[in-house]
Amino acid sequence: MFTDLAEIIDSNNRLIGKGMGTNRSIKINWSSLLEFKKKATEECPGRIESYFVEMGINTYHGKTYFENQNTVVVGEDKLKGEHIFLATGSKLRKLNISGEEYVTTSEEFMKTEKLPERIIFIGDCHISLEFAHVARRAMSEVTILHRSERLLRHSDADMVDLLIKETEAAGIKILMNKPVDSIEKDANGFLVRTGSKSGIESETRSFRADMVIHGAGRVPKIEELHLEKAGIKIEKGAIVVDKYMRTSNPRVYAGGDCVSEGMKLTSVAALQGEVAAANILNENSVEVDYTGIPSVVHAIPILASVETSNAKDSDKYKVIYQGRSNWYTTRKAGMEFAASKVIIDETNDRIVEAYILGPNAEEAINIFAAVIRLGLKASDIKKLVFTYPTTCSDIRYML
């Protein structure tokens, strides 16, 4: 909702003088956005719980932890189950810096009644980029401080470089090799101090802000579950599961952000839940399949990707890069930066990875994801007929 409105605002401003009715830049009306968001979301938890009750599902609320291998304590209740499914989600990663208590969470950001003038985001999590673009379209001064030399290190470097150019063109400052050391609060807001990882000697810098937002990632929320009492194995802070979404305790299954497997996406959590449910009803009947799972960074422009392999440098792979800045679908949106990259295994004509940066990338990437997941060939895409002129109709020319 926040990123969608930011995109609409940006689209208007890009098309001023190109047929758009307004003759000046507009910005997000923050108070009305919050009211719209509140009306759209505040009833969801209660409505979902009522739906569960109507289906005959009992719901419990309270602090939850394991008493033994098949007993869970929820508040004052003890629940014993033949099977248990864990979907505890995640929490903010600890920054371990002085003044960490002054950091604002993404949830708090979306409830802030008045957006401040100066905002600093810590880290390169999707949250930092996405909400930085939102805050900038509300006319805040925005800075991203990132501890390493690369943003979105798990994505394609060429696509990220273009996204950074567009982000900086929007007036968002991105500073690399700036690990935050401390946050101090005073009468003028917050003073954020950083070190430097780029030189032999540490270089300290200071930045002023009215709000500092955590964008340095999340970790599984499992520390209070007493998993050791249930015999559930943990590695690197996450619950270990097998291909059936079963933990080391055969009674217990898990999915979502609390497990070690799969990307941390809503779509992946839903997939894992479906697989676990199938195996609870019929043991070891379904294996989780992460083939062709697309992901999106809802920045401006949008960066979408789908990956199947980390072996990007193999000689058998063909890399097709297309700078799409002058393509009609980019020009009609008034955008300056757009591109695509498709990596194909030439031995079998299968798409290994695909990246799209630009208008409607979040929709077009689903075509590549479907081709990969269904085991189709890259040449099969050229047999498809799309509505024109759309980003999907561009796909044939991305190959």
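Values in this document were obtained by computation on a predicted structure and should not be read as measured data. Note that these values count all heavy atoms, side chains included, but never hydrogens, waters or copies made by symmetry. Numbering starts at 1 and runs along the sequence shown.
The existence of a salt bridge linking Asp380 and Lys383 is confirmed by a sub-4.0 Å separation between a basic side-chain nitrogen and an acidic carboxylate oxygen. A salt bridge is absent between Glu7 and Arg137; no separation between the charged side-chain nitrogens and carboxylate oxygens falls under 4.0 Å. Salt-bridge formation is not detected for the pair Glu82/Arg251: no Lys NZ or Arg NE/NH1/NH2 atom is positioned less than 4.0 Å from an Asp or Glu carboxylate oxygen. Ionic pairing of Lys78 and Glu67 is present here: one or more N-O contacts between side-chain nitrogen and carboxylate oxygen are shorter than 4.0 angstrom. A salt bridge links Glu166 to Arg14: at least one charged side-chain nitrogen sits closer than 4.0 Å to a carboxylate oxygen. Contact check on Asp156 versus Lys341 returns a salt bridge, with a Lys/Arg side-chain nitrogen under 4.0 Å from an Asp/Glu carboxylate oxygen. Classification of Glu223 and Lys221 as a salt-bridged pair fails, no side-chain N sitting under 4.0 Å from a carboxylate O. Ion pairing of Lys318 with Asp349 is absent here, as no side-chain N (NZ or NE/NH1/NH2) approaches a carboxylate O to less than 4.0 Å.
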**Study point:** Steps toward side-chain contact (heavy atoms from CB on, under 4.5 Å) verdict (Met335, Ile300)
**Key:** CA-CA 9 Å; Met335 283 193 170; Ile300 301 174; 4.2 Å; yes

Practice item. Test side-chain contact (heavy atoms from CB on, under 4.5 Å) on Ile28 and Leu5 and set out the steps. Key: CA-CA 7 Å; Ile28 291 175; Leu5 183 58; 4.0 Å; yes

Exercise for review: Go through Asp181 and Arg193 one step at a time and tell me if the salt bridge (Lys or Arg N to Asp or Glu O under 4.0 Å) criterion holds.
Suggested key: CA-CA 6 Å; Asp181 289 337; Arg193 299 185 188 277; over 6 Å; no

Point to revise | Audit row: Thr167, Ile174, side-chain contact (heavy atoms from CB on, under 4.5 Å) steps and yes/no | key: CA-CA 8 Å; Thr167 300; Ile174 301 177; 3.7 Å; yes

Practice item. Decide yes or no on salt bridge (Lys or Arg N to Asp or Glu O under 4.0 Å) for Glu283 and Arg246, but give the supporting numbers first. Key: CA-CA 10 Å; Glu283 186 177 3; Arg246 185 177 52 189; 3.7 Å; yes

Exercise for review: Please report the C-alpha distance between Tyr244 and Glu287 in whole Å, then the side-chain angles of each, then the deciding distance to 0.1 Å, and finally whether the side-chain contact (heavy atoms from CB on, under 4.5 Å) criterion is met.
Suggested key: CA-CA 5 Å; Tyr244 305 109; Glu287 297 181 10; 3.6 Å; yes

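Here the side chain of Arg331 pairs a donor or acceptor atom with the backbone of Asn326 at under 3.5 angstrom. Remark: the backbone N or O of Val142 is not paired with any side-chain donor or acceptor of Ser140 at under 3.5 angstrom. A donor-acceptor pair under 3.5 Å is formed between the side chain of Asp242 and the backbone N or O of Met245.
Linking ILVMFWY side-chain heavy atoms closer than 4.5 Å, directly or via other members, places Leu227 and Val73 in two distinct hydrophobic clusters.
Arg24 contributes atom CZ, which lies 10.0 Å from atom CG of Asn12 (distance to the nearest 0.5 angstrom).
Judged purely by distance below 3.5 Å, without hydrogens or angles, the side chains of Thr71 and Asn68 pair a donor atom with an acceptor atom. Remark: the Ser128 side chain and the His126 side chain contain no N/O donor-acceptor pair separated by less than 3.5 Å. Judged by distance alone, the side chains of Tyr51 and Glu49 never bring a donor and an acceptor atom under 3.5 Å apart. With hydrogens and angles left out, the side-chain atoms of Thr104 and His214 include no donor and acceptor closer than 3.5 Å. Side chains of Ser295 and Ser305: a donor on one and an acceptor on the other come within 3.5 Å. The closest side-chain donor-acceptor pair between Glu307 and Tyr290, if any, does not fall under 3.5 angstrom. Looking at Asn13 and Ser11, their side chains never bring a donor and an acceptor atom within 3.5 Å of each other. Side chains of Thr3 and Glu130: a donor-acceptor N/O pair is absent below 3.5 angstrom, by distance only. Side chains of Arg373 and Thr291: a donor-acceptor N/O pair is absent below 3.5 angstrom, by distance only.
For Glu149, the CD atom sits in a loose shell: 12 or fewer heavy atoms of surrounding residues, nucleotides or ligands are nearer than 6.0 Å. Counting non-hydrogen atoms of neighbouring residues, nucleotides and ligands closer than 6.0 angstrom, the CD atom of Glu346 exceeds 12 such neighbours. The environment of NZ in Lys111 is sparse: at most 12 heavy-atom neighbours from other residues, nucleotides or ligands sit within 6.0 Å. Within a 6.0 Å sphere centred on NZ of Lys39, other residues, nucleotides and ligands contribute 12 heavy atoms or fewer. Glu228 CD: more than 12 foreign heavy atoms inside a 6.0 Å radius. Enclosure of atom CD in Glu76 is not indicated, since only 12 or fewer non-hydrogen atoms of other residues, nucleotides or ligands lie within 6.0 angstrom. The 12-atom threshold is not exceeded at CZ of Arg153, counting heavy atoms of other residues, nucleotides or ligands nearer than 6.0 Å.
Ring orientation note: the planes of Phe109 and Phe121 are nearly perpendicular, at an angle over 60° on the 30°/60° scale.
Here Phe386 sits in one hydrophobic cluster together with Val306, Ile320, Trp327, Val342, Ile344, Ile351, Ile356, Ile365, Ile367, Phe368, Val371, Ile372, Leu374, Leu376, Ile381, Leu384, Ile395, Tyr397, Met398, Leu399; the rule is ILVMFWY side chains under 4.5 Å apart, joined directly or through other members.
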Which side-chain N or O atoms in residues 252-268 pair as donor and acceptor under 3.5 Å with protein atoms at least two apart or in another chain?
{"from": "Asp257", "atom 1": "OD2", "to": "Ser90", "atom 2": "OG", "distance (Å)": "3.2"}
{"from": "Ser260", "atom 1": "OG", "to": "Ile239", "atom 2": "O", "distance (Å)": "3.3"}
{"from": "Lys264", "atom 1": "NZ", "to": "Val259", "atom 2": "O", "distance (Å)": "2.4"}

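Aromatic ring centroids of Phe36 and Trp30 lie 6.0 Å or more apart.
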